[in-house]
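By convention in this document, chain letters (A, B, ...) are assigned in the order of the sequence lines, proteins followed by strands, and residues within each chain are numbered from 1. Given the structure is predicted, the values throughout are model-derived calculations rather than measurements.
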Amino acid sequence: MARKTTSVMPGFKLTLGYTVLYLGLIVLIPLACTFWKTSALTWDQFWHTVTAPRVLASYRLSFGASFLAALINLFFGLLVAWVLVRYEFWGKRFVDALVDLPFALPTAVAGIALTAIYAPNGWLGQLLAPLGLKVAYTRLGVLVALTFIGLPFIVRTVQPVLEDLDPGFEESAASLGATRWQTFWRVILPMLRPPLLTGFTLAFARALGEYGSVVFIAGNMPMKTEITPLLIITRLEEFDYPGATAIAVVMLVVSFALLLTINFLQWWGHRYHAPV
Amino acid sequence: MNPVLPPSVPHRDVHRRVTAEPPFVRWLLIGTALLFLGLFLVVPLAAVFAEAFAKGIGFYLHTFNDANTLAAIKLTFIAAGIAVPLNCIFGLAAAWAIAKFDFRGKTMLITLIDLPFSVSPVVSGMIYVLLFGAQGLLGPWLLAHDIRIIFAVPGIVLATMFVTFPFVARELIPLMQAQGRTEEEAARVLGASGWQTFRRVTLPNIKWGLLYGVILCNARAMGEFGAVSVVSGHIRGQTNTIPLHVEILYNEYNFVGAFAVASLLTFLAVVTLALKTWVEHKNAALRGTDG
């Protein structure tokens, strides 16, 4: 049967062939070259490059700020998704569309806009300055930029699951005597765990590689406010290609691990929320 | 039965009350969510336009009366004009192969198509420098034949293609998988050619999904910064795209100029969001009539 339907549809060789060719030329071969280029380094050289103090400091900042930003978005993303799905209020459709702004706004624009706002004489910067809080050109600035970049991910992964949630579960919980908070904590939240984790990982992965929005607000001080992607650019500008490649390979390996995690989480989510 | 509820409350109200929060909690949650979004989304958006018009509309327009700004706009249109159609053709081919046929390694192929999304923009640009740069794998050969890719327009186009690679494909693959093959099979059995089947049967079914992917692909292509920054070389009037031009003006402390050019990209982002919402609305309406 399967063989017969396959023969009716045209263009299998053409479309698959073109897909694999284009994928290979644009993505796979250039990426493979990066790994091949690192083989010019010995293991000791590679290890020395990727664990130099300045590089380690950049990992700490990139991973730490990305994790915190994803955590902030985990909380507020769930809140925004909840409000958009469960409540009616004026301007809701506008707010819903606005959530995707960080996807649509070029990162460089986000970077200079956030810097202007949080600079000591900016709209929010001058309010925070008397409190002793400096955001622009500090690590806090990196956190603000990464929070902006990751904002839509959790909202957009949680929203559809929350929409499809069977109200019967909540009614049963309530009729069995659970308070609203207990229902949320014990019934709704466990069902939202897969999309929350998927959204968190997506936001974290995006923040880790982010460059454009961060470089303007970070101040870019080595050891202090220098993120890993910026360090790669610095190495390239010094024509230290092996150094740049080694750090890039570390980032690529982390990205691929996160991609596998995301695929696993989506498979896990679908297992429990199989479409009927 | 429930002692908390007074017996006079009609059944419908009881039903609503057990799965809803008290108004106080409701308004607190809405207020907090709007405050968060206002602080992180509306304030930056407003700041771009406030800074762009800080010295009046005359100065704003003056920024665009500059050869380098116009060259940057032109290059951005060239890069997007090449990258978007190519990724569109790729997306259609990939979705056709994946949705209409069964073959081994399909899941693997879908994962590989998504790969560019998980690579840092900086690394996306760097891989082409390693391949085509002066010290790169093909560098000496390119140099001998006087072909410039890195620090030239082809490099910018390639980097743009890489970062926008999955947009159309990832929109079309799930859509065409959900639609199945029966309609196309019927068309074929009734004597339509392959091209007729695609144009008359498949294309009308996927046009909104395709448009959606193209809109997002275009927004990213015109706004990409990190990847393009690595391969551009920042030669004014030659290899500067709009986002790179924003950076140059900003680093020269020409803040009003930087924000004026940035306002162009912000306008593009707002139009993208509006179009996206409109397409989603159309799509939902279409699904509503089908179901």
Side-chain angles (χ1 to χ4, degrees), chain A residues 2 5-6 8-12 15-16 18-19 22-23 26-27 30-31 33-34 37 76 79-80 83 87 89 95 97-98 100-101 104-110 112-114 116-117 123 148 151 167 170-171 174 180 205 209 211-212 229 232-233 236 241 244-245 248 251-252 255 258-259 263, chain B residues 18-19 21 26 29-30 32-33 36-37 40-41 43-44 47-48 51 90 93-94 96-97 100-102 111-113 115-116 118-123 126-131 135 137 161-162 165 181 184-185 188 194 219 223 225-226 230 243 246-247 250 258 262 265-266 269 272-273 276-277:
Chain A
T5 47
T6 305
V8 171
M9 298 292 284
F12 177 62
T15 54
L16 187 67
Y18 181 72
T19 301
Y22 190 75
L23 179 72
I26 303 292
V27 178
L31 273 178
C33 275
T34 311
K37 194 89 182 170
F76 283 102
L79 175 68
V80 170
V83 163
Y87 305 142
F89 54 92
V95 172
L98 193 71
D100 281 329
L101 182 73
L105 194 69
T107 52
V109 178
I112 63 170
L114 289 171
I117 297 165
W123 291 349
F148 173 86
L151 198 150
E170 288 165 61
E171 284 161 12
R180 196 65 194 134
Y211 172 72
I232 295 176
I233 290 216
L236 284 174
Y241 286 10
T245 315
M251 290 210 70
L252 278 174
S255 309
L258 286 169
L259 182 69
N263 281 353
Chain B
V18 292
T19 56
E21 293 75 37
R26 198 157 56 213
L29 292 178
I30 294 176
T32 315
F36 174 74
L37 294 178
F40 272 91
L41 301 180
V43 172
V48 172
E51 299 277 338
F90 163 74
W96 182 270
K100 306 296 176 195
F101 300 96
D102 295 309
T111 307
L112 287 177
I113 288 172
L115 208 56
S118 56
V119 175
S120 167
V122 170
V123 178
M126 192 200 76
I127 58 175
Y128 293 110
V129 176
L130 294 183
L131 201 57
Q135 296 183 31
L137 205 60
M161 276 163 71
F162 184 94
F165 186 85
R181 339 175 161 162
E184 281 85 358
E185 279 164 8
R188 288 288 286 164
F225 178 72
V230 174
V246 169
E247 184 197 23
Y250 188 86
L265 291 169
T266 310
T272 301
L273 287 184
K276 186 175 159 301
T277 311

Inset, instruction - Let me see the working for Leu105(A) and Thr266(B) under side-chain contact (heavy atoms from CB on, under 4.5 Å), right down to the final yes or no. - result: CA-CA 6 Å; Leu105(A) 194 69; Thr266(B) 310; 3.9 Å; yes
Closest heavy-atom pair and its distance - [X], [Y]:
X: Ala108(A); Y: Pro243(B); value: CB-O, 4.3 Å
X: Leu41(B); Y: Leu98(A); value: CD1-O, 3.4 Å
X: Ala104(A); Y: Ala269(B); value: O-CB, 3.5 Å
X: Pro10(A); Y: Gly194(B); value: CG-CA, 3.5 Å
X: Pro44(B); Y: Ala113(A); value: O-CB, 3.7 Å
X: Ala93(B); Y: Tyr18(A); value: CB-CD2, 3.8 Å

Against chain A, label [X] side chain, backbone, both or neither, depending on which of its atoms sit under 4.5 Å from a heavy atom there.
X: Tyr250(B); result: side chain
X: Val246(B); result: side chain
X: Leu112(B); result: both
X: Leu131(B); result: side chain

To the closest 0.5 Å, what do you measure between [atom1] ([X]) and [atom2] ([Y])?
X: Ile232(A); Y: Met126(B); atom1: CD1; atom2: CE; answer: 6.5 Å
X: Asn263(A); Y: Thr111(B); atom1: CG; atom2: OG1; answer: 4.5 Å
X: Lys37(A); Y: Gln135(B); atom1: NZ; atom2: CD; answer: 6.5 Å

Against chain A, work out which of [options] has the most heavy-atom pairs shorter than 4.5 Å and name it.
options: Thr277(B), Thr272(B), Leu273(B); answer: Leu273(B)
options: Val122(B), Val230(B), Thr32(B); answer: Val122(B)
options: Val48(B), Ile127(B), Val129(B); answer: Ile127(B)

Any side-chain heavy atom of [X] sitting closer than 4.5 Å to one from [Y]?
X: Val109(A); Y: Phe225(B); result: no
X: Leu37(B); Y: Leu151(A); result: yes
X: Tyr128(B); Y: Pro30(A); result: yes
X: Trp96(B); Y: Leu16(A); result: no
X: Val119(B); Y: Ser255(A); result: no
X: Ser118(B); Y: Leu258(A); result: no

Inset, instruction - Show your reasoning for whether side-chain contact (heavy atoms from CB on, under 4.5 Å) applies to Glu21(B) and Tyr87(A). - result: CA-CA 10 Å; Glu21(B) 293 75 37; Tyr87(A) 305 142; 2.6 Å; yes
Legend entry - Greatest number of heavy atom pairs closer than 4.5 Å to chain B - which of Ile112(A), Val95(A), Leu31(A): Ile112(A)
Inset, instruction - Heavy-atom pairs under 4.5 Å with chain B are the metric here; pick the option from Ala97(A), Cys33(A), Ala244(A) that has the most. - result: Ala97(A)
Legend entry - Plane angle bin for Phe36(B) and Phe76(A) - parallel if under 30°, tilted between 30 and 60°, otherwise perpendicular: parallel
Legend entry - Side-chain donor or acceptor of Arg188(B) paired with backbone N/O of Val8(A) under 3.5 Å: yes
Can you say whether [X] sits under 4.5 Å from chain B via the side chain, the backbone, both, or neither, judging by heavy atoms?
X: Leu252(A); result: side chain
X: Asp100(A); result: both
X: Phe148(A); result: both

Inset, instruction - Can you sort out the partners of Glu184(B) under salt bridge (charged side-chain N to carboxylate O under 4.0 Å, His left out), two or more places apart, ordered by chain and number? - result: Lys100(B)
Inset, instruction - Run the numbers on Leu101(A) and Phe40(B) for side-chain contact (heavy atoms from CB on, under 4.5 Å), then give the verdict. - result: CA-CA 10 Å; Leu101(A) 182 73; Phe40(B) 272 91; over 6 Å; no
Legend entry - Under the ring pair (Phe, Tyr, Trp, His ring centres under 6.0 Å) test, residues paired with Phe165(B) that sit two or more places apart: Tyr22(A), Phe90(B)
